[in-house]
Amino acid sequence: MEKILDIKDLHVSFVTYGGEVQAVRGVNLELYKGETLAIVGESGCGKSVTANSIMKLIPSPPGKIKKGSIHFKGQDITKLSNKKVRKIRGVDISMIFQDPMTALNPTLTIGNQLTEGLKQHRNISSKQANDQAIEMLNLVGIPNPDERMKQYPHQFSGGMRQRIVIAMALICEPELLIADEPTTALDVTIQAQILQLFQKIQRETGVSIILITHDLGVVAKIANRIAVMYAGKVIETGTRQEIFYRPNHPYTQGLLNSVPRLDQKGEKLVPIVGTPPDLFSPPEGCPFTARCPKAMEVCSRVYPFQTELSDTHAVDCWLQDERAKKYIAST
Ligand SMILES: Nc1ncnc2c1ncn2[C@@H]1O[C@H](COP(=O)(O)OP(=O)(O)O)[C@@H](O)[C@H]1O
Ligand code: SF4
Ligand SMILES: [Mg+2]
């Protein structure tokens, strides 16, 4: 399979009055053509900062990509000029956020907003742009698209607005769609419908999707692969089956025990006690040590090596690493 995105050893910090927030600390991620990769983890673990780095949308100052590379179709985005990145943004890579209202202009009709991007980036007539916009609204499930094109954002419900935002993100046929908590602001029924829509879009357009969410339940049906983040690091990656049925990292296990699951009715939900570490001075060892029911002495001192459990499944935890014995023996 073709690899379209390759993030290596990404480090992103924010310099604030309180000190340097090390938001992303050595993230590695790969994305293959046509797959949905979910990035999950508690609030503040660095999901949005990772996603925004791909779009070169880190406000600087205070933010800075300190180290690492982000290769998109062979070129390193971190090294591109802002001008070149603007050509990629919205055309090759599109992003959607939690609140659809921020992405829509309340003073322009939906039709105008949908065709604007097309006319800007593609050399096509107004008629062609219009036809394509209607086709997109059809794809995302907006009834009577001809009529709806003439209406303004406030004339749509929250769920319909998010569908329009998705249509806007897809209209230039990007290769990569990044959705950052796209359903968090919506009620549960609408959430499910929007997730189904992502599945349909993937099937029909073949676009690669990065879906970011704090809710593991959301990705259960639609992710091909899952990356679990904790305190600025990816601590476990695997296929959906590996993460749901053979979770290895105690944090992933904790996450799974804290969300309702369709396949385990009646199981008691157990929240993970404690809070993630402060990212001003993150711990040297495993950042989960203070909350981990299986922590050993070595954990707080040395960050675990990555262990590959299968071709697709990798974990950063001393429990899986033979070398832990050596580290314990040497102390
Ligand atoms: N503009 C900013 N200035 C300072 N700190 C920031 C900024 N943006 C994000 N952070 C910090 O970076 C860390 C990761 O944030 P974020 O990626 O937004 O988390 P999430 O996983 O919830 O999306 C958090 O500690 C957050 O406070
Ligand atoms: S490395 Fe140690 S503290 Fe970290 S998750 Fe594994 S056992 Fe727990
Ligand atoms: Mg976020």
Where is the tightest heavy-atom contact between [X] and [Y], given as atom of each residue plus distance?
{"X": "Gly46", "Y": "Val24", "result": "O-CG2, 3.7 Å"}
{"X": "Trp318", "Y": "Val302", "result": "NE1-O, 2.7 Å"}
{"X": "Ile212", "Y": "Asp180", "result": "CG2-OD1, 3.3 Å"}
{"X": "Thr78", "Y": "Lys56", "result": "O-NZ, 3.6 Å"}

Exercise. Only one of Glu35, Glu175, Glu30 clears salt bridge (Lys or Arg N to Asp or Glu O under 4.0 Å) with Lys3; which?
Worked result: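 Checked Glu35, Glu175, Glu30 against Lys3; only one passes salt bridge (Lys or Arg N to Asp or Glu O under 4.0 Å): Glu30.
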
Under 3.5 Å, is there a donor-acceptor pair between the [X] and [Y] side chains?
{"X": "Arg148", "Y": "Gln151", "answer": "yes"}
{"X": "His214", "Y": "Glu181", "answer": "yes"}
{"X": "Gln132", "Y": "Lys127", "answer": "no"}

Exercise. Within 45° of the axis and under 6.0 Å from the centre of the six-membered ring of Tyr303, does NZ or CZ of Lys233 qualify?
Worked result: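 Verdict for Tyr303: a cation-pi partner in Lys233.
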
Exercise. Between His249 and Tyr251, how do the two ring planes meet: parallel, tilted or perpendicular, split at 30° and 60°?
Worked result: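 Ring orientation, 0 to 90° scale: perpendicular.
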
For this session: Inspect the contact between Arg122 and Glu116 and indicate whether a charged nitrogen and a carboxylate oxygen are less than 4.0 angstrom apart.
Result: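 No salt bridge links Glu116 with Arg122.
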
Exercise. Just wondering, do Gln162 and Ile190 contact through their side chains at under 4.5 Å, heavy atoms?
Worked result: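 No, too far: nothing below the 4.5 Å cut-off.
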
Exercise. What distance do Glu297 atom CD and Thr289 atom OG1 have between them, rounded to the nearest 0.5 Å?
Worked result: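 Result: 10.5 Å between the selected atoms.
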
